[in-house]
Structures are given as C-alpha cells and as structure tokens.
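Report on the following structure.
Just so you know, these numbers come straight off a predicted model, no measurement behind them. Positions are given from 1, in the same order as the sequence printed here.
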Amino acid sequence: MPWDALKDPAMHHRGPWPLLAEINQHLSLWREHTPAFVHRRGQQPPPAMAQATAGLLSALPHLAPLYAPTINSYKRYRPHSFAPTRYNWGHDHRGCAIRACGHSAGTHLEVRLAGADANVYLALAAYTAAITHGIEEQLTPRPACEGDAYHDQGSIPLYRDLAEALAYFQHSTIADLLLGNNVVRHYTHTAQTELDWHRTHVTDLERQRGIR
C-alpha cells in the first residue's frame, strides 16, 4: 500500500496508527516437502522449531536496525499494548516478540517486532539470518513465557530507541557474521543518517510542548 494512502487519513484524523501499526511476519520451515514445525501443545517443540526460536531470540537483539529502522519504531514497544517489550517467546502469546501459533502441520512462528515503518524484506532478511544461525549452531531456546510477557525478567529488553539499537548493531560480531561487514556498515550509515536528521530538526511535538 502506498505510504500516502496511510499517511493522509491519519493526518486527517490526527491519529498515530500508521507509525504504531505492526507488521507481524509468519514463518515456518519445510524439509523434503514436509513441514518441520509439526507440533501439538503440551509437547516439546521439534528440533527445527526449537532451534529457529532460539536463533531468533539470540540474534535479533543484534539486528534491530533492519526491522526497527526509524525513531518512531521504538515508540510502539509499550507494555500491555500487544507490541513486545522483551525478546521472549510463548505459545499463542501476543505479548511476546515471538509467538508460536497454529497446531500440528500448521504450526509456525509469528515475529512481532517490525512496525509499519519497516522494510518487510529487510525484516525478513534479519529473521531468516537469525533462524539460520539457530539451526547451524543448534541453539536451545529458554522456556516459553507463560505469564506476563512484559515482566519476564529472564529475557532481554528491547532497545529504548534507535541510538541504543545502533550502538549495539554496529559493534556486533553476530551481525557481522550473519550479514557481512559491508551490510553492517551500510545500515549503520542509514540509521546514523536517520538519527542525525532528527537531531537537527524541531518536531511538531517539541513546538507544542515548548512554545505555548
């Protein structure tokens, strides 16, 4: 959908929904024409699903500028908003960053991190790289969150803003390993350009709050 088609109605109604809306991507894997995530509640996830989940939880903190690329991306991560605030996972749990949903052959992972300001292809590239990392390294995920995902103290919190995410991304050995140095340098520059632009412009919110 063209950005103007989203922007114009929001400006008319003065609503922030295009910037706070989410793009949840649903992922599954197949092996030799057979779904690899076949799962039933109450059972342990199959190895491919467990490793994919672990890879997402392990690597995505290193790749945030790919799925949360703007200043506004981080304003969506608010407690009890159905947007995540921590890197955790759960069964049919909409408060988690990774939601395992569906059943039997239809089981898949929903990644709930990207907002409407993300490039879906870059987000998918980050998720695919993270899943590959989990499978190649045979990682094991931490237990699924069954309570309040926003108070899941055993999980890593999401970044508060783009500057914090960028500081982690540009020096990350995992980002370098999964994406290559040239890609990391390119999206470091992209994120830094976004930050520099905002630091030299006065927003409407600043005018409203600072000039009465």
Side-chain angles (χ1 to χ4, degrees), residues 20-31 35-39 45-70 72-74 76-77 82-102 106-142 144-145 149 152 155-159 162 164-166 168-170 172-184 186-188 190-191:
L20 299 181
E22 58 195 23
I23 299 175
N24 298 330
Q25 291 178 293
H26 295 249
L27 310 173
S28 64
L29 296 178
W30 287 56
R31 180 182 287 120
F37 285 2
V38 176
H39 178 253
M49 179 178 168
Q51 292 166 6
T53 302
L56 289 166
L57 296 175
S58 171
L60 288 184
H62 299 262
L63 307 176
L66 296 189
Y67 54 82
T70 73
N72 285 312
S73 300
Y74 300 83
R76 191 174 63 86
Y77 302 141
F82 290 115
T85 60
R86 311 186 74 86
Y87 290 101
N88 49 14
W89 79 285
H91 294 285
D92 204 21
H93 198 323
R94 287 181 169 84
C96 292
I98 313 298
R99 174 185 171 223
C101 46
T107 304
H108 57 278
L109 299 176
E110 177 189 51
V111 186
R112 303 176 57 80
L113 289 164
D117 54 352
N119 180 314
V120 294
Y121 300 106
L122 291 180
L124 184 58
Y127 304 159
T128 303
I131 287 174
T132 301
H133 173 66
I135 292 173
E136 288 181 345
E137 299 297 325
Q138 298 186 343
L139 301 181
T140 301
R142 61 186 304 272
C145 177
D152 182 15
S155 56
I156 300 172
L158 271 65
Y159 301 110
L162 180 59
E164 191 174 88
L166 175 58
Y168 205 77
F169 173 73
Q170 65 181 333
S172 168
T173 55
I174 288 184
D176 228 29
L177 174 68
L178 298 181
L179 304 176
N181 182 256
N182 287 340
V183 173
V184 172
H186 176 80
Y187 287 104
T188 292
T190 300

Exercise for the section: Could you tell me whether the side chain of Glu110 and the main chain of Ala100 form a donor-acceptor pair under 3.5 Å? Expected result: no
Handout entry: Ser28-His108 side chain donor-acceptor pair, cut-off 3.5 Å
Key = no
Practice task
State the CD-OG1 distance between Glu137 and Thr132, to the nearest 0.5 angstrom.
Solution key: 11.0 Å
Exercise for the section: Check whether any side-chain heavy atom of Leu109 lies under 4.5 Å from a side-chain heavy atom of His26, and answer yes or no. Expected result: no
Practice task
Kindly assign one of parallel, tilted or perpendicular to the pair Tyr159 and Tyr87, based on the angle between their ring planes and the thresholds 30° and 60°.
Solution key: perpendicular
Exercise for the section: Would you indicate whether the side-chain heavy atoms of Gln138 and Thr140 approach each other to under 4.5 Å? Expected result: no
Completion exercise
Interatomic distance, CZ@Arg31 vs CZ@Phe37, rounded to 0.5 Å, equals 9.5 Å
Exercise for the section: Verify, without hydrogens or angle tests, whether Ser73 (side chain) and Thr70 (backbone) share a donor-acceptor contact under 3.5 angstrom. Expected result: yes
Problem - Spatial distance of atom CG (Asn88) from atom OG1 (Thr85) [nearest 0.5 Å] - result: 7.0 Å
Problem - Worked check of side chain to side chain contact (heavy atoms under 4.5 Å, CB included) between Val38 and Thr107 - result: CA-CA 6 Å; Val38 176; Thr107 304; over 6 Å; no
Practice task
List the atom of Ala114, the atom of Arg76, and the distance in Å for their closest heavy-atom pair.
Solution key: O-NH2, 3.3 Å
Exercise for the section: Identify the two heavy atoms, one from Ala165 and one from Ala64, that lie closest to each other, and give their separation to 0.1 Å. Expected result: CB-CB, 3.8 Å
Problem - Leu60 versus Ala130, closest heavy-atom pair with distance - result: CD2-CB, 4.0 Å
Practice task
Please assess Asp92 against Arg99 for the test side chain to side chain contact (heavy atoms under 4.5 Å, CB included), listing each intermediate value before the final yes or no.
Solution key: CA-CA 6 Å; Asp92 204 21; Arg99 174 185 171 223; 2.4 Å; yes
Exercise for the section: Could you tell me whether the side chain of Tyr77 and the main chain of Leu113 form a donor-acceptor pair under 3.5 Å? Expected result: yes
Exercise for the section: Taking all non-hydrogen atoms of both residues into account, name the closest pair between Ile131 and Ala52 and its distance. Expected result: CG2-CB, 3.8 Å
Practice task
For the residue pair Trp89 and Cys145, establish whether any side-chain heavy-atom pair is separated by less than 4.5 Å.
Solution key: no
Exercise for the section: Answer yes or no: is there a side-chain heavy-atom contact under 4.5 Å between His62 and Tyr168? Expected result: yes
Exercise for the section: Decide whether Asp117 and Asn72 meet the rule of one side-chain donor and one side-chain acceptor closer than 3.5 Å. Expected result: no
Problem - 4.5 Å side-chain heavy-atom contact, Arg86 and Ile156 - result: no
Problem - Spacing of His133 atom NE2 and Leu63 atom CG [to the nearest 0.5 Å] - result: 9.5 Å
Handout entry: Pairwise distance OH(Tyr121) to CG(Leu66) - rounded to 0.5 angstrom
Key = 15.5 Å
Exercise for the section: Please examine the side chains of Tyr67 and Leu122, heavy atoms only from C-beta on, and report whether any two atoms are closer than 4.5 Å. Expected result: no
Completion exercise
Leu139 and Gly55 have their tightest heavy-atom pair at CD1-CA, 4.2 Å
Practice task
Check whether any side-chain heavy atom of Leu29 lies under 4.5 Å from a side-chain heavy atom of Ile135, and answer yes or no.
Solution key: yes
Exercise for the section: Give the intermediate values and the outcome of side chain to side chain contact (heavy atoms under 4.5 Å, CB included) for residues Leu124 and Val111. Expected result: CA-CA 9 Å; Leu124 184 58; Val111 186; over 6 Å; no
Handout entry: Main-chain N/O of Phe82 paired with Arg112 side-chain donor or acceptor, under 3.5 Å
Key = yes
Handout entry: Validation row: Thr53, Gln51 side chains within 4.5 angstrom (heavy atoms)
Key = no
Fill in the blank from the handout: One should read off an interatomic distance between Glu164 CD and Leu162 CG, to the nearest 0.5 angstrom, of 10.5 Å
Exercise for the section: Report the C-alpha distance between Leu179 and Val184 in whole Å, list the side-chain angles of each, state the deciding distance to 0.1 Å, and finish with yes or no for side chain to side chain contact (heavy atoms under 4.5 Å, CB included). Expected result: CA-CA 7 Å; Leu179 304 176; Val184 172; 4.3 Å; yes
Completion exercise
Of all heavy-atom pairs linking Cys96 and Gly90, the shortest is SG-N, 3.7 Å
